[in-house]
Amino acid sequence: MTAAQDTFYMAKAIQLAKRGRYTTAPNPNVGCVLVKNGQIIAEGWHKKAGQGHAEVEALKQIANAQGATAYVTLEPCSHHGKTPPCCDALIKAGVSRVVAAMTDPNPLVSGQGLAKLQDAGIEVLCGVLADDAYALNRGFIKRMTEVRPFVRSKLAMSLDGRTAMASGESQWITSAESRADVHKLRAESSAILTGIGTVLADDPSLTTRVDFDVQQPLRIVLDSQLQMPVTAKMATLAGRSIILTCSTDTDKQQRLQQAGFEVYSLPAQNARLDLFEVMKFLARNCQVNDLLVEAGAILNGALLEHSLIDEAIIYMASCVLGDQGRGLFHLPSLHTMADKKMLKLRDVRQIGADLKLTLTAR
C-alpha cells in the first residue's frame, strides 16, 4: 500500500468511528476497515460500550480475512475487558498488516496491542491521520492521560456580551436553531454540569432531545451547601442525577437521596467545592469523557480562572440586553489588561440568526 492509500482507508475508518459518537461512552469511538487486493472487504465501528469493538464487528462481515490489511483508528486492545482482546481476533483472522491512527492512551493497552501484533509476525504502522483520530476521542484521551474530562462550556449571549437581563430572565436570547444545535452538543457529551444557582433559577431538565439514538448524559449539579429542592424536575427523570457537595449535613443528603438524587461529598476549597477534585471524581467515579457545562457566570468564571475550560461554544444573538444585564464570566480577580484571559478563536459559523463561536484555550 502507498501512503496515499493508507490515508484514504484511514479516513474511511474515521468516518465510521464517528457513527458511534452518541452511544459509545465511556468507551472511545473506533472504526475499522479491512482491505484486501486494493478492495474494501469489510467495515465495522464500535456502537456501544459492552458490545463488539470495531475490529470484531468488521471481522464478522466476512468469512476470510487472511492476508488483509486492517485500518483502525485506535490501537487494537490487548486486554480482557467486557469483550475479548481485539489483537487476538486480528491474529486469529490472519491479517498480514495493521495500520493504526494512534496508540491507545489507556495504560492497560498503550503500545502493548501493537507489540503483540508485531510478535505475531504482523506488519504494523502507527500514526496515519493521528490528529484526526485524536480529535475524535479528545475526551477519552484527556481522561486517560490527565484524569479529568474534556470540558466544553456552552454559553449564549447578546451582541453586548450579556447572558440575561439584570433580573435573571434569559429565555430566549438565541434562536430555535441554536437551541436545537445545543441538543446535539448534549448528545455528544457524557455528562452535563451546572451549578445550583442555575437550578434554582431555571429548574432545568438537562436532557438531550434529538431525533436519533442517543445515550442520555449524566446530570451533575455542584451544590456546596445542599440548597437543591427535593422537588427539582431532574430528580423525576430517567437516568442519573448527581449532586456534588462539600456540605456535611447528612439529613439533607438523605432527603435528596430519597427524592432520587445521588449525593457525593468532595473536598472543599474556600468553602466551595474544589473544582480539581470535581474533575477527578467525574473521571474516576463516573468515567466522564466529555463534559458539557451549562451554567452561569460564577461557575464559568471559576472554571476559566482555574484553566479548566478546554473549549467554549458561544452562541451570539443579534440583540442588545444593555449594560445592566449579566455577563458571561464572573472574574473578580481581573483588574488590569495584563490579567485578561486569552482564548483562541477556532471556528465561526451561522446558526439560524445567530453566530456560533468556537474557542479553545491557547
Side-chain angles (χ1 to χ4, degrees), residues 131 134-135 138-139 141-143 145-168 170 173-174 178 182 185 189 192-198 201 220 222 224 244 246 266-283 290-350 354-362:
D131 289 344
Y134 183 94
R138 57 191 184 177
I141 294 166
K142 181 77 74 171
R143 178 165 69 89
T145 59
E146 299 183 32
V147 198
R148 76 171 183 85
F150 183 91
V151 179
R152 171 193 268 174
S153 182
K154 183 277 296 181
L155 304 118
M157 71 176 190
S158 60
L159 278 175
D160 52 345
R162 305 297 170 178
T163 63
M165 303 301 291
S167 64
S170 62
I173 295 174
T174 54
S178 288
V182 169
L185 294 182
S189 305
I192 303 172
L193 176 75
T194 195
I196 186 60
T198 297
I220 314 291
L222 303 191
S224 295
L244 302 183
C246 49
L266 297 181
Q269 185 178 57
N270 299 323
R272 292 182 177 272
L273 280 160
D274 184 322
L275 293 176
F276 292 101
E277 293 297 327
V278 167
M279 295 304 162
K280 287 180 185 177
F281 177 87
L282 294 179
D290 297 277
L291 180 67
L292 181 65
V293 178
E294 296 194 33
I298 292 176
L299 179 52
N300 273 300
L303 290 167
L304 188 62
E305 180 72 32
H306 290 86
S307 300
L308 287 173
I309 294 179
D310 298 299
E311 181 176 83
I313 305 290
I314 301 177
Y315 296 88
M316 186 171 71
S318 52
C319 64
V320 174
L321 299 186
D323 61 0
Q324 299 304 304
R326 299 184 181 184
L328 286 176
F329 299 99
H330 177 67
L331 290 164
S333 63
L334 304 190
H335 301 292
T336 69
M337 288 299 289
D339 299 327
K340 65 181 180 291
K341 299 290 184 180
M342 295 297 298
L343 299 174
K344 186 169 185 177
L345 185 62
R346 296 288 185 183
D347 186 67
V348 181
R349 62 187 61 202
Q350 186 168 350
D354 309 322
L355 286 181
K356 179 183 179 182
L357 313 177
T358 301
L359 304 103
T360 58
R362 283 181 176 265

Which atoms form the tightest heavy-atom contact between [X] and [Y], and what is the distance?
{"X": "Leu273", "Y": "Ser224", "result": "N-OG, 3.3 Å"}
{"X": "Ile309", "Y": "Ala312", "result": "CG2-N, 4.3 Å"}
{"X": "Ser178", "Y": "Asp354", "result": "OG-OD2, 2.6 Å"}
{"X": "Ser307", "Y": "Arg148", "result": "O-NH2, 4.2 Å"}
{"X": "Cys319", "Y": "Ser158", "result": "O-CB, 3.2 Å"}

4.5 Å side-chain heavy-atom contact, [X] and [Y]:
{"X": "Lys154", "Y": "Leu292", "value": "yes"}
{"X": "Ile220", "Y": "Phe281", "value": "no"}
{"X": "Tyr315", "Y": "Ile173", "value": "no"}
{"X": "Val182", "Y": "Ile313", "value": "no"}
{"X": "Asp160", "Y": "Asp323", "value": "no"}
{"X": "Gln324", "Y": "Arg162", "value": "no"}
{"X": "Leu291", "Y": "Met279", "value": "yes"}

How many angstroms lie between atom [atom1] of [X] and atom [atom2] of [Y], to the nearest 0.5 angstrom?
{"X": "Glu277", "Y": "Leu244", "atom1": "CD", "atom2": "CG", "value": "11.5 Å"}
{"X": "Leu185", "Y": "Ile192", "atom1": "CG", "atom2": "CD1", "value": "9.5 Å"}
{"X": "Lys142", "Y": "Asp290", "atom1": "NZ", "atom2": "CG", "value": "11.0 Å"}
{"X": "Lys356", "Y": "Asp347", "atom1": "NZ", "atom2": "CG", "value": "7.5 Å"}
{"X": "Lys340", "Y": "Leu334", "atom1": "NZ", "atom2": "CG", "value": "10.5 Å"}

side-chain contact (heavy atoms from CB on, under 4.5 Å) assessment of Leu328 paired with Ile314
CA-CA 10 Å; Leu328 286 176; Ile314 301 177; 4.3 Å; yes
Verdict with reasoning, Leu266 to Asp274, per side-chain contact (heavy atoms from CB on, under 4.5 Å)
CA-CA 8 Å; Leu266 297 181; Asp274 184 322; over 6 Å; no
Holding to ring pair (Phe, Tyr, Trp, His ring centres under 6.0 Å), I want the full list of residues that pass it with His306, two or more places apart in sequence or in another chain.
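With sequence neighbours excluded, His306 shows a ring pair (Phe, Tyr, Trp, His ring centres under 6.0 Å) to Phe276, given in chain and number order.
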May I have the list of side-chain donor-acceptor pairs in residues 293-303 shorter than 3.5 Å, sequence neighbours left out?
{"unit_1": "Glu294", "atom_1": "OE1", "unit_2": "Arg186", "atom_2": "NH2", "d": "2.9"}
{"unit_1": "Glu294", "atom_1": "OE2", "unit_2": "Arg186", "atom_2": "NE", "d": "2.7"}
{"unit_1": "Asn300", "atom_1": "OD1", "unit_2": "Ser153", "atom_2": "OG", "d": "2.5"}
{"unit_1": "Asn300", "atom_1": "ND2", "unit_2": "Ala295", "atom_2": "O", "d": "3.0"}
{"unit_1": "Asn300", "atom_1": "ND2", "unit_2": "Gly296", "atom_2": "O", "d": "3.1"}

N/O donor-acceptor pair under 3.5 Å between Asp310 side chain and Val151 backbone
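It does hold such a pair.
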Closer than 4.0 angstrom, basic N to acidic O: yes or no for Arg346 and Glu311?
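The answer is no: the pair does not qualify as a salt bridge.
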